[in-house]
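Below: one structure, written as C-alpha cells.
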Amino acid sequence: MADDDFTGKWPEESDDVTEMSEEPSVSSILHSVAIDDSRNVNNSLDDHADSNIQTVTPGDTPYTSAVRFEQLSLSHELLRGLYVEMGFERPSKIQSVSLPMILTPPYKNLIAQAKNGSGKTTCFVLGMLSRVDPKLDAPQALCICPTRELVIQNMEVLLKMGKYTGVTSEMGLAVDKANYIPVSKRAPVTAQVIIGTPGTINKWIAAKKLGTSNLKILVFDEADHMLAESGFKEDSVRIMKEIVKWSPRCQVLLFSATFNDTVKAFVSKIVKSLFVQEYNQMFVMKEELSLDSVTQFKVNLPNELSKIMVIKDKIMDLAEKVGQTIIFVRTKKSAGMLHEALVKYGYQVTTIHGTLAREDRDKIVKEFREGLTHVLISTDLLARGFDQSKVNLVVNYDLPVIHDNTSEPDNEVYLHRIGRAGRFGRKGAVFNLLCGDKDNMIMKKIETYFKHYVTEVPSFTSDEDFKEALKKAGLM
DNA sequence: AAAAAAT
C-alpha cells in the first residue's frame, strides 16, 4: 500500500457531499478524518481498507476518532471480548471513525458506508453490545438482515465479542416445519439483543411477542438493500414505524458497502422523517470502492456452452489449488444446471439458493465454512455480507444485471459479489465470464461506473493465461 | 431475478 493512502487525503468538496447533507450547510461540519498513522499495528482488520472516509455531522456534537478502544468507555468485559476473543488491538479506521459517532450521546443516527471486508459488522455489533443495559431483561438492540445466512453469521460475531458481557441474545429466524410452533404459543422475547430477518421480526412484533418500548438501538445491515428494494422496504419501514411509536429516540444505524446516490437520498429521507434524532453520515466515493487486493478479469467466450467448459477445464482445477471459490449465477435454474453439469463431469460442488430447505441451506454453508467443500455455486443470496476468509476466487458466471432492464448492470451487486473475495485485505481474483456484445457492454458500464479497468484473459482455452492471471492476482 | 414469510 502506498503511503498516501494514509494521509487522510481530502477529496474536493464535491456535489456529492453537499447533496447529501439536507441540513442547512452552515450547521454541517465536514470532517476530514486524520488518523494517527500507526503502521505497525497488528490488527486483524486491515487499516488500508478504507482510505478516504468522508463524514458529515450536523449540529455541534464534536467527534474525535478513537485511536484506542479505551477511549470509548467500554465495559471491561467488552474490552476483554475485543482483545481476547476477537484478537483486536486497536480500532480499524472505520471503527475509529464510526464508534465515537455511535457511542457519544445524544446517540445520533448514522448512515455508514464502508468497503467490503473492512469490518462493518464488528462496528455495529460493538455498538449494540455497548449500549445494552445488562440489568434490564428486555429487547434493547435489534438488527435486521436480508438473509438467514447473514443473521447466523452476525450472531456468531455477537456471541464471540460479547462472550464475557453476559448480554443475552436471540435470532429471529423462521424455523423449519419440524420445529414449527405458532407465534401465539411462543413465549415473549426477553433477550437483550435480537438479530433477525424482516419477516420474522415483523411477525413477532405484530403478535406482541417482541416489545419495542426498551429498544435503544436499531441496526439495518445491508441497509441500502433493506430500505430500497421492494419487498424488503415495506417490511423495514413497518418495523421502523412500530419502533418509533414506542421508542422515538431509538438510535438507527444503517450500514452497507454501497449506497448509490438515489438510494442515499431516499434512505436519509426515511430516517429523517421517522426519527426525531439527527443523523451523521459516513461514506466512501464509488471510485474508491473497488478493493485493491482483489484483481478482476474478464474472459470472452464464443457461446453459453463454453462457460461450462471454462468452469470445468480451467476454474475447477485452479480453484482447488488456490483456496475456496464462489460461482455466482443469475437464476436458481442456471444454478441447478451448472451444478448438474459439473457433477456429471465428476466434480464436487455444492449449490445454494433460496428455495432450498432451510436445514439444507444451513448445512451447505456450514460445510463450506468448515472447508469440507471448496466450490460453491450461489445465486445473489450470498452476494452480500457473506464472510468466509478462505474465499479468494469469485466467478461471475452471469454478470449481475438490473431485473427489469437486463442490459444494465447492477453495479452494487457486482461490488458486493467481488467483495466475497479478499476479506480484510487478503488477495483475491474475480473472473467475469462474458458471452457476446451484450455482456461486453455491461462489463464496460461496470468499469466506467467504478472507473476501474478490468484486464482481459487473452484466450479462454489457454491454461497458461489463467495461471498468469492468478499470478498477477498474487494467488500463485 | 432473487431475497424474506407463512398460509
Side-chain angles (χ1 to χ4, degrees), chain A residues 142-155 171-186 189 194-207 209-210 219-240 242 256-258 263 304 326-339 351-362 364-365 376-386 396-417 420 438-439 442:
Chain A
L142 177 59
C143 173
I144 314 289
C145 316
T147 62
R148 160 181 203 89
E149 286 70 21
L150 223 38
V151 169
I152 296 170
Q153 178 177 294
N154 289 340
M155 182 54 84
M171 290 195 278
L173 287 177
V175 288
D176 40 288
K177 280 200 187 99
N179 307 320
Y180 176 78
I181 43 157
V183 213
S184 53
K185 295 262 168 64
R186 147 181 232 302
V189 179
I194 318 296
I195 304 179
T197 46
T200 303
I201 297 298
N202 259 320
K203 212 173 75 177
W204 286 4
I205 293 177
K209 296 294 179 182
L210 174 58
V219 180
F220 283 94
D221 194 7
E222 308 298 340
D224 59 329
H225 199 223
M226 299 303 290
L227 296 183
E229 200 70 28
S230 77
F232 279 135
K233 182 173 92 182
E234 294 74 13
D235 280 348
S236 298
V237 169
R238 194 179 308 147
I239 292 171
M240 286 202 262
E242 196 57 40
S256 182
T258 52
V263 172
E304 283 291 325
I326 300 181
I327 303 174
F328 284 107
V329 294
R330 195 171 65 96
T331 64
K332 298 171 197 170
K333 204 172 141 197
S334 54
M337 271 160 44
L338 180 60
H339 181 100
T351 301
I352 190 167
H353 56 70
T355 34
L356 296 182
R358 292 183 191 103
E359 45 191 354
D360 292 339
R361 282 167 67 165
D362 294 351
I364 285 160
V365 168
L376 181 57
I377 301 170
S378 175
T379 57
D380 282 328
L381 171 69
L382 289 188
R384 286 170 173 264
F386 184 70
N396 282 323
Y397 186 83
D398 304 302
L399 288 173
V401 291
I402 304 286
H403 83 286
D404 52 5
N405 184 0
T406 55
S407 56
E408 287 299 317
D410 192 324
N411 294 308
E412 282 71 37
V413 172
Y414 181 82
L415 196 77
H416 282 281
R417 283 184 181 183
R420 293 323 99 211
K438 191 181 169 187
D439 281 353
I442 293 167

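First the proteins, then the strands, lettered A, B, ... as listed; each starts at 1.
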Less than 4.0 Å between a side-chain N and a carboxylate O, is that true for D362(A) and R148(A)?
-> yes
Spacing of [X] atom [atom1] relative to [N] atom [atom2], expressed in whole Å:
| X | N | atom1 | atom2 | value |
| --- | --- | --- | --- | --- |
| R148(A) | dA6(B) | CZ | C1' | 14 Å |
| I402(A) | dA1(B) | CD1 | C1' | 11 Å |
| I152(A) | dA4(B) | CD1 | P | 11 Å |
| M337(A) | dA1(B) | CE | C1' | 15 Å |
| F232(A) | dA3(B) | CZ | P | 9 Å |
| K209(A) | dA6(B) | NZ | P | 16 Å |
| L381(A) | dA3(B) | CG | P | 6 Å |
| L173(A) | dA6(B) | CG | C1' | 14 Å |

Do the side-chain N or O atoms of [X] get closer than 4.0 angstrom to the phosphate oxygens (OP1, OP2) of [N]?
| X | N | answer |
| --- | --- | --- |
| T200(A) | dA6(B) | yes |
| K332(A) | dA1(B) | no |
| R358(A) | dA6(B) | yes |

Regarding H416(A) and T258(A), is there a side-chain donor-to-acceptor distance under 3.5 Å anywhere?
-> yes
Quick check for you: among [options], whose closest atom lies nearest to any side-chain atom of [X]?
| X | options | value |
| --- | --- | --- |
| A174(A) | dA1(B), dA4(B), dA6(B) | dA6(B) |
| H403(A) | dA4(B), dA6(B), dA1(B) | dA1(B) |
| Y180(A) | dT7(B), dA2(B), dA1(B) | dT7(B) |
| T331(A) | dA6(B), dA3(B), dA1(B) | dA1(B) |

Pairing residues for E234(A) by the side-chain hydrogen bond (donor to acceptor under 3.5 Å, both in side chains) criterion, not counting sequence neighbours | none
Minimum heavy-atom separation for K233(A) to L227(A), with atom names?
-> CG-O, 3.1 Å
Just checking [X]: base, sugar-phosphate only, or nothing, at a heavy-atom cut-off of under 4.0 Å?
| X | answer |
| --- | --- |
| G231(A) | base |
| S236(A) | nothing |
| P146(A) | sugar-phosphate |

Backbone of D235(A) reached by a side-chain donor or acceptor of N202(A) within 3.5 Å | yes
